[in-house]
Visitor: 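Let me begin by handing over the structure; questions about it come next.
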Amino acid sequence: MTVRAKFRCTSVELSSMQPATQQRYVGGGQQPIEVQVWPRTFKFSAIYDTSVPEDQRYATATPYAELRIQVDNPAVSFEPGKSYYLDFTDAEE
């Protein structure tokens with residue numbers, strides 16, 4: 001089963017006042033390296049714009065939703081005010 005929802009990023013905030021140190025394996029290396037990351041929290045909400053037919057269809061299935069995720073990967077970013085699709089697919093146990 002797969003369900004698709006449409007969310008708008010409503011805000012981004014730093015999750016801490018200082019960077020966190022993490023160990024990452026880069027390029028298939030055998031030894032981890034330490035990297036500094038700034039954890040960020042992104043907030044999303046389901047959108048409903050009555051002038052957009054697609055939004056009306058999504059609002060019928062998910063009239064209200066909130067999502068809050070913390071992201072440590074500096075390559076990942078979401079822009080406040082921009083809409084994104086979120087796909088839910090059953091995970092293999």
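Computed from a predicted model, the values in this text were never measured in an experiment.
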Visitor: Below 4.0 angstrom, N of the basic side chain to O of the carboxylate: do Glu54 and Lys6 qualify?
Guide: yes

Visitor: Above 12 or not: heavy atoms from other molecules or residues under 6.0 Å from CD of Glu13?
Guide: yes

Visitor: Between Phe42 and Cys9, which heavy-atom pair has the shortest distance, and what is it?
Guide: CD2-SG, 4.3 Å

Visitor: Donor-acceptor pairs are to be reported for all side-chain atoms of residues 76-83 against protein atoms at under 3.5 Å, with residues two or more places apart or in another chain.
Guide:
none

Visitor: Hydrophobic clusters here meaning ILVMFWY residues chained together by side-chain heavy-atom distances under 4.5 Å, can you tell me if Ile69 and Ile47 are in one?
Guide: no

Visitor: Can Leu86 be reached from Tyr64 by stepping across I, L, V, M, F, W or Y side chains whose heavy atoms are under 4.5 Å apart?
Guide: no

Visitor: What is the distance from atom CZ of Arg8 to atom OH of Tyr84, rounded to the nearest 0.5 Å?
Guide: 11.0 Å

Visitor: Kindly indicate whether the side chain of Thr41, heavy atoms from C-beta on, has any atom under 4.5 Å from the side chain of Val12.
Guide: no

Visitor: Provide the closest heavy-atom pair for Arg40 versus Leu14 in the form atom of the first, atom of the second, distance.
Guide: CG-CD2, 3.9 Å

Visitor: Looking at residues at least two apart in the chain, or sitting in another chain, which of them share a side chain to side chain donor-acceptor pair (under 3.5 Å) with Gln30?
Guide: none

Visitor: Is there a donor-acceptor contact under 3.5 Å from the side chain of Thr10 to the main chain of Lys43?
Guide: yes

Visitor: I want to check something: taking the side chain as every heavy atom from C-beta on, are Leu67 and Phe7 in contact at a cut-off of under 4.5 Å?
Guide: yes

